[in-house]
There are 2 protein chains.
Amino acid sequence: MFGRCTVEYDGRAASSLGAGNRLLILKPDGTALVHTDEQRTPVNWQPPGSEHRAAVRDGRLRVRSVRENPDERLDVRFDRVEQVSALPVTGGRSVDVYGSEEDLRHRILDEPELVEPGFEPAATERATAAGPVDVFGHDDEGRPVVVELKRRRVGPDAAGQLGRYVEALARELPDGTEVRGVLVAPSVTDRAGELLAEKGLSHVPLSPPASSTTPSGDGRGSTTAPERSTDADDGAD
Amino acid sequence: MFGRCTVEYDGRAASSLGAGNRLLILKPDGTALVHTDEQRTPVNWQPPGSEHRAAVRDGRLRVRSVRENPDERLDVRFDRVEQVSALPVTGGRSVDVYGSEEDLRHRILDEPELVEPGFEPAATERATAAGPVDVFGHDDEGRPVVVELKRRRVGPDAAGQLGRYVEALARELPDGTEVRGVLVAPSVTDRAGELLAEKGLSHVPLSPPASSTTPSGDGRGSTTAPERSTDADDGAD
DNA sequence: GCCTAGGTCCCGTCC
DNA sequence: GGACGGGGCCTAGGC
């Protein structure tokens, strides 16, 4: 729907939006989106699982979307409706994304020496008191190693996360066991690097594979994919 | 636009979506959104700042959206276009949200005793080597206190964040200065609670103000009508 | 430009 | 249901 409306939201937070022309999208799964002409993020919304209702109040259309847990309500009141469309969506609803953290894990399980020579993976998602460890294994001297994977450049939070896992594991292993921690990520910020150093953790610069296939080959360091010569022509206006 | 299309994305990651009817939204700020009939998150997109182009290739419409830094490209190829609309958006594009972390900060600056009796705020966003501290102050015995605010229930990450601030501040103050850390949030998870205990940090259960009605002197310019007598009528179907 | 952290984050997964 | 962590997170604010 498109038209002049006001939008009121109340739930986890609350907001109010004055009159203006906006696009309201109502999905059959209970999603509601209010979009203006800027930003990727809707100016107001309701997550899937909400219930949409429409009613006419004082001669105006009001669309209300409500959900529970948490209790939230979105009200869109229209002065004037410019357009309404019912669109029959078909086909795939999700995509497989290549270049995820999972792809990075596969890359490492295929070539453990990418972490370091002699590294031997033993488990993925190994449970600890602090949560599951991405890759758990042993180094060339048999010491336990916790590997935390990130698909992109990381900040202090990732260093903290790895530190928590290492500490949790050290606590659950026999007293005195030295547990090493390795952060595998394309790069780290300065502050994250300092934190890693403080905690005695290390960083291995490594990116997810550039494409879904070919676990070997370069990480997506700088240059773009050379192939994909698909239609080299540029589009008109 | 709505029609049968395929979608290819390549950039920070990569994805491919087979043919189907979807909604494509192109915004003048360079945003592109591809929505199916499920989920709040678009199945594919391009962030603001991208450049949209359209061209006909092999008798089919292709919409391409490209941006740089990072290099990313989204291609939507249409078999068939069911509908095209140009919608004149007007009016407000953003909302003031009530119940944010900022509101929680105002609440505490107005009533510091909510943190603890005798607490005296000294600064907000105080800079440390680990980043800015939400609220910095002193307790009834003059000890420095770091207050970290969260608008909702928090997990282990928030405990780690507060821990980093406390440690950074302890390092920059004279040797031996005891720095206290207080996490102000509606509630904490079990694991976060354990982490806080380990680090000698404490938790004060407190939420952002329920309504926009900031209790006395709001720092925010405007305030909406506080009551909002919710129209008691329920909508028809 | 990068870094840092908030968000009505959304979302899947596993307990 | 809650908890936990990933995400092409997005977005704002500093430096």
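Residue numbers start from 1 in every chain, and the chains themselves are labelled A, B, ... in the order their sequence lines are given, proteins ahead of strands.
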(message) Judged by each residue's nearest nucleotide on DNA chain D, which is more toward the 5′ side, S15(B) or T41(A)?
(response)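 So the residue in question is S15(B).
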(request) Starting from the 5' end of DNA chain D, give me the residue, R40(A) or E72(B), whose nearest nucleotide shows up first. (result)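 Between the two, 5'-proximity favours E72(B).
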Tabulated below should be each protein N or O lying under 3.5 Å from an N or O of nucleotides 12-15 of chain D; please produce it.
unit_1  : atom_1 : unit_2 : atom_2 : d
dA12(D) : OP1    : Q39(A) : NE2    : 3.4

(message) Between dT8(C) and dG14(D), how far apart are the two C1' atoms, rounded to whole Å?
(response)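 Here dT8(C) and dG14(D) have their C1' atoms 25 Å from each other.
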(message) Could you tell me how far dG7(C) sits from dG7(D) if I compare only their P atoms? Round to whole Å.
(response)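 Roughly 22 Å separates the two P atoms.
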(message) Please determine whether any donor N or O and acceptor N or O are separated by less than 3.5 Å between the side chain of N44(B) and the base of dG8(D).
(response)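 Looking at the base of dG8(D), it does pair with a donor or acceptor on the side chain of N44(B) (distance under 3.5 Å).
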Please report the distance, rounded to the nearest Å, between [atom1] in [X] and [atom2] in [N].
| X | N | atom1 | atom2 | value |
| --- | --- | --- | --- | --- |
| R126(B) | dT4(C) | CZ | P | 18 Å |
| L33(B) | dG8(D) | CG | P | 15 Å |
| R67(A) | dG1(D) | CZ | P | 11 Å |
| W45(A) | dT11(D) | CH2 | P | 11 Å |
| L183(B) | dA5(C) | CG | P | 14 Å |
| L104(A) | dG6(D) | CG | P | 12 Å |
| R93(B) | dT11(D) | CZ | P | 14 Å |
| E102(A) | dC11(C) | CD | P | 19 Å |

(message) Could you check whether S187(B) and R153(B), counting side-chain N and O atoms only, form a donor-acceptor pair closer than 3.5 Å?
(response)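 Side-chain D/A pair, R153(B) to S187(B): present.
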(request) Taking atom types as modelled, find out whether S15(B) and D96(A) have a side-chain donor-acceptor pair closer than 3.5 angstrom. (result)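 Distance-only check fails for S15(B) and D96(A).
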Is any side-chain heavy atom of [X] closer than 4.5 Å to a side-chain heavy atom of [Y]?
| X | Y | result |
| --- | --- | --- |
| P47(B) | R67(B) | yes |
| D75(A) | Y9(A) | no |
| L23(B) | V34(B) | no |
| K27(B) | R40(A) | no |

(message) Quick check: on DNA chain C, is the nucleotide nearest R151(B) upstream (toward 5') of the one nearest N69(B), or the reverse? Name the residue that is more 5'.
(response)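 On the 5' side of the pair lies N69(B).
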Please tabulate, one pair per line, each protein N/O and nucleotide N/O from nucleotides 3-5 of chain D that are separated by under 3.5 Å, including the distance.
unit_1 : atom_1 : unit_2  : atom_2 : d
dA3(D) : OP1    : R153(B) : NE     : 3.1
dA3(D) : OP1    : R153(B) : NH2    : 2.0
dA3(D) : OP2    : R153(B) : NE     : 2.6
dC4(D) : OP2    : T189(B) : OG1    : 2.6
dG5(D) : OP1    : A130(A) : O      : 3.3
dG5(D) : OP1    : Y165(A) : OH     : 2.9

(message) Surrounding CD of E51(A) (heavy atoms of other residues, nucleotides or ligands, distance under 6.0 Å), is the total greater than 12?
(response)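 Not buried by this count: 12 neighbours or fewer within 6.0 Å.
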(message) Tell me whether E125(A) at atom CD has more than 12 heavy atoms from other residues, nucleotides or ligands lying less than 6.0 Å away.
(response)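 Yes, enclosed.
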(request) Could you identify which residues of residues 193-204 of chain B place a heavy atom less than 4.0 Å from some atom of DNA chain D, listed by residue number, or say none? (result)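 The stretch gives none, as no residue of it lies under 4.0 Å from the strand.
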Are [X] and [Y] within salt-bridge range, i.e. N to O under 4.0 Å?
| X | Y | result |
| --- | --- | --- |
| R105(B) | D134(B) | no |
| R73(A) | D71(A) | no |
| R151(A) | E101(A) | no |

(request) Assign P48(A) to base, sugar-phosphate, or nothing according to its heavy-atom contacts below 4.0 angstrom with the strands shown. (result)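 Answer is sugar-phosphate: P48(A) comes under 4.0 Å of backbone atoms only.
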(request) Go through dG8(D), dC10(C), dC9(C) for me and flag the one nearest to the R152(B) side chain. (result)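 The closest nucleotide is dC9(C).
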(request) Would you indicate which nucleotide in dC9(C), dG8(D), dC11(C) comes nearest to any side-chain atom of P47(B)? (result)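 Nearest listed nucleotide: dG8(D).
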(message) Which heavy atom of L33(A) sits nearest to which heavy atom of P42(A), and what is that distance?
(response)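 What the structure gives for the nearest pair is CD2-CG, 3.9 Å.
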(request) Write down the atom of V115(A), the atom of V204(A), and the distance for their closest heavy-atom approach. (result)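 Looking at all heavy atoms of both residues, the closest pair is O-CG2, 3.4 Å.
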(request) Would you please confirm or rule out a distance under 4.0 Å between OP1 or OP2 of dC9(C) and any side-chain N or O of R12(A)? (result)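 Yes, such a contact exists.
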(message) For dC4(D), give the paired nucleotide (Watson-Crick: N1-N3 plus N6-O4 or O6-N4; G-U: N1-O2 and O6-N3; both under 3.5 Å), or none.
(response)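 For dC4(D), the partner nucleotide comes out as dG12(C), under the 3.5 Å rule.
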